[in-house]
Amino acid sequence: MNPTRLSRREFVRISASAALSTPLLQPNWLAAQSAPGRPVRFVSIGTGIRGCDLLRAARQVPQGVLVGTADLYDMHLKAGVEAYGKEVPTTRDYRSLLGRKDVDAVIVAVADFQHRRVVLDCLDAGKDVYCEKPMSHNVADGLAMVKAVAENKRIFQAGSQRVSNVVYRKAAEIYASGKLGDVHYIEGHTDRNSPSGAWVYPIALDASPETIDWATWLRDAPERPFSAERFFRWRCFADYGEGVAGDLFVHLLSGIQHVTGINAAPGRALSSGSLTHFNDGRDFPDLLATLYDYPSLTVNLHCNQNNAAGDSTIIYGSLATLIIQNNTLTVTPQDTRPESDVYSLNGWTLAAKQQYLKEWHAAHPVPPPKLGEVEAYSAPAGYDDSVAHIATFFRAVETRQRVVEDEVFGNNAAIACHMANHSYFQRAIATWDSATQTIKS
Ligand SMILES: NC(=O)c1ccc[n+]([C@@H]2O[C@H](COP(=O)([O-])OP(=O)(O)OC[C@H]3O[C@@H](n4cnc5c(N)ncnc54)[C@H](O)[C@@H]3O)[C@@H](O)[C@H]2O)c1
């Protein structure tokens, strides 16, 4: 939350209310746990940072049972087994897992530029897919995945876990109720000021061409000699990732799409930014701000080097302001009750002022209603929306019902990320041409 955006009075009301009584929202994956039916048998492709996180989350959802993992790096294979806490077959060649008839679904947590190939292979093998965000490395990859999901009639979920977060679901409910009034402006930011936040991840001591299958890792990117730096810090390089937009904006955009119900690429995007602090040979800016045009909605996102601001989405409505910060949301009614003017009467004579006030009060005989209370909601302490998102996926595999963050939703959020980068690098406004399904400037 950025107090400078709110009046001091509003900020104090929000803080006091959130501190005093914040109803806890019930985690929404509990229902999935008790659902009848046989478990979903899944494998995991990519058991690095995120893949291990997802396996730790998945072991809390008994509806799914891990039956194998694949990775190209020996230590990540071992870490995946540790994360899930159960011995399962592991392999460097994921295709051997896809040939198994006892596998229903696949969690894909490989680097962004590898999503397309792995996801298409999974779909061709008849598996349902959970694919990490951002869904695509470029527009063509995303469109190919959307087509393949439809052709194979599979369940697909993209991996921005806030779409299954109870706080965002509550926000979507409040938004749909009309309580916020007209909304034409949304602001979101995820700010980071640390080497880890800027993807300067440590390089494991055992990293070498013997422990990592570099040729396979690199197969959809330009040829280069083995580089442990690129393997561990791929987010910094345009051949493999999409920088701040693909790593962080995608979560903000997915949350905003979910809350507002928008499921389309933005019409236009305009980015500003620079590479200042972490100027270490990377391709992407470390500061990025992007303005998006959606139909009658402006969305303003940024990522800067300031840890204090954290991760927030602020929805400005004509009747109320909704703020989501981490796992808490507040709704603050806006005071739009009629008031007689004061400021503009400064240049009036006393007699004119008195006449105006007399007429104003005659026109407003009824005292305005009391201003509504600030509402605040939180997820319970320790709530992990990745568990909720995995549970959403497993439930969909069982019920064959589409999820909210399906391939079309995931693709639209990813296109918005590509538009942010297009605008930054081309120094031009990026426009989404829906007829040709391309970004133009
Ligand atoms: N939802 C989130 O909050 C979140 C958080 C972090 C990362 N992510 C996403 O998760 C994905 C993975 O990111 P990460 O940080 O775990 O990266 P990582 O580099 O730590 O792990 C990726 C793993 O994929 C493996 N891999 C690549 N190609 C493979 C192949 N053909 N077969 C088998 N394994 C293969 C690599 O060996 C590596 O171990 C990315 O798309 C990233 O954007 C999402």
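Note that the numbering runs from 1 along the sequence shown for the chain. Whatever order the structure lists them in is the order used to number ligands and atoms, beginning at 1.
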Chemist: Check salt bridge (charged side-chain N to carboxylate O under 4.0 Å, His left out) between Arg230 and all other residues, then give those that pass, not counting sequence neighbours.
Modeler: none

Chemist: Who passes salt bridge (charged side-chain N to carboxylate O under 4.0 Å, His left out) against Lys179, sequence neighbours left out?
Modeler: Glu375

Chemist: For Tyr201 and Phe232, I'd like to know if the aromatic rings sit close, meaning centre-to-centre distance below 6.0 Å.
Modeler: no

Chemist: Please determine, by modelled atom types, if Asn412 and Asn263 share a side-chain donor-acceptor pair under 3.5 angstrom.
Modeler: yes

Chemist: Below 4.0 angstrom, N of the basic side chain to O of the carboxylate: do Asp112 and Lys133 qualify?
Modeler: no

Chemist: Can you pull every nitrogen or oxygen pair between ligand 1 and the protein closer than 3.5 angstrom?
Modeler:
unit_1   : atom_1 : unit_2 : atom_2 : d
ligand 1 : 1 (N)  : Arg50  : NE     : 3.3
ligand 1 : 1 (N)  : Glu132 : OE1    : 2.9
ligand 1 : 1 (N)  : Gly159 : O      : 3.0
ligand 1 : 1 (N)  : Gln161 : OE1    : 2.9
ligand 1 : 3 (O)  : Gln161 : NE2    : 2.9
ligand 1 : 3 (O)  : His251 : NE2    : 3.4
ligand 1 : 15 (O) : Arg235 : NH1    : 3.2
ligand 1 : 15 (O) : Arg235 : NH2    : 2.7
ligand 1 : 16 (O) : Ile49  : N      : 3.2
ligand 1 : 16 (O) : Arg50  : N      : 2.7
ligand 1 : 17 (O) : Trp234 : NE1    : 3.3
ligand 1 : 19 (O) : Trp234 : NE1    : 3.0
ligand 1 : 20 (O) : Ile49  : N      : 3.0
ligand 1 : 28 (N) : Gln114 : OE1    : 3.3
ligand 1 : 28 (N) : Gln114 : NE2    : 3.4
ligand 1 : 37 (O) : Asp71  : OD1    : 2.6
ligand 1 : 39 (O) : Asp71  : OD1    : 2.8
ligand 1 : 39 (O) : Asp71  : OD2    : 2.7
ligand 1 : 39 (O) : His76  : ND1    : 2.5
ligand 1 : 41 (O) : Val110 : O      : 3.2
ligand 1 : 41 (O) : Asp112 : OD1    : 2.6
ligand 1 : 41 (O) : His115 : NE2    : 2.8
ligand 1 : 41 (O) : Lys133 : O      : 3.3
ligand 1 : 43 (O) : Asp112 : OD1    : 3.0
ligand 1 : 43 (O) : Lys133 : O      : 2.9
ligand 1 : 43 (O) : Lys133 : NZ     : 3.3

Chemist: Would you give me the side-chain donor-acceptor pairs under 3.5 Å for residues 277-291, sequence neighbours excluded?
Modeler:
unit_1 : atom_1 : unit_2 : atom_2 : d
Asp280 : OD1    : Arg282 : N      : 3.3
Asp280 : OD1    : Arg282 : NE     : 2.9
Asp280 : OD2    : Arg282 : NH2    : 3.1
Arg282 : NE     : Phe278 : O      : 3.1
Arg282 : NH1    : Ala198 : O      : 3.0
Arg282 : NH2    : Ala198 : O      : 2.8
Asp283 : OD2    : Ala238 : N      : 2.7
Asp286 : OD1    : Thr276 : N      : 3.0
Asp286 : OD1    : Thr276 : OG1    : 3.4
Asp286 : OD1    : Gln305 : NE2    : 3.3
Asp286 : OD2    : Thr276 : N      : 3.4
Asp286 : OD2    : His277 : N      : 2.8
Asp286 : OD2    : Phe278 : N      : 2.7
Thr290 : OG1    : Ser271 : OG     : 2.8

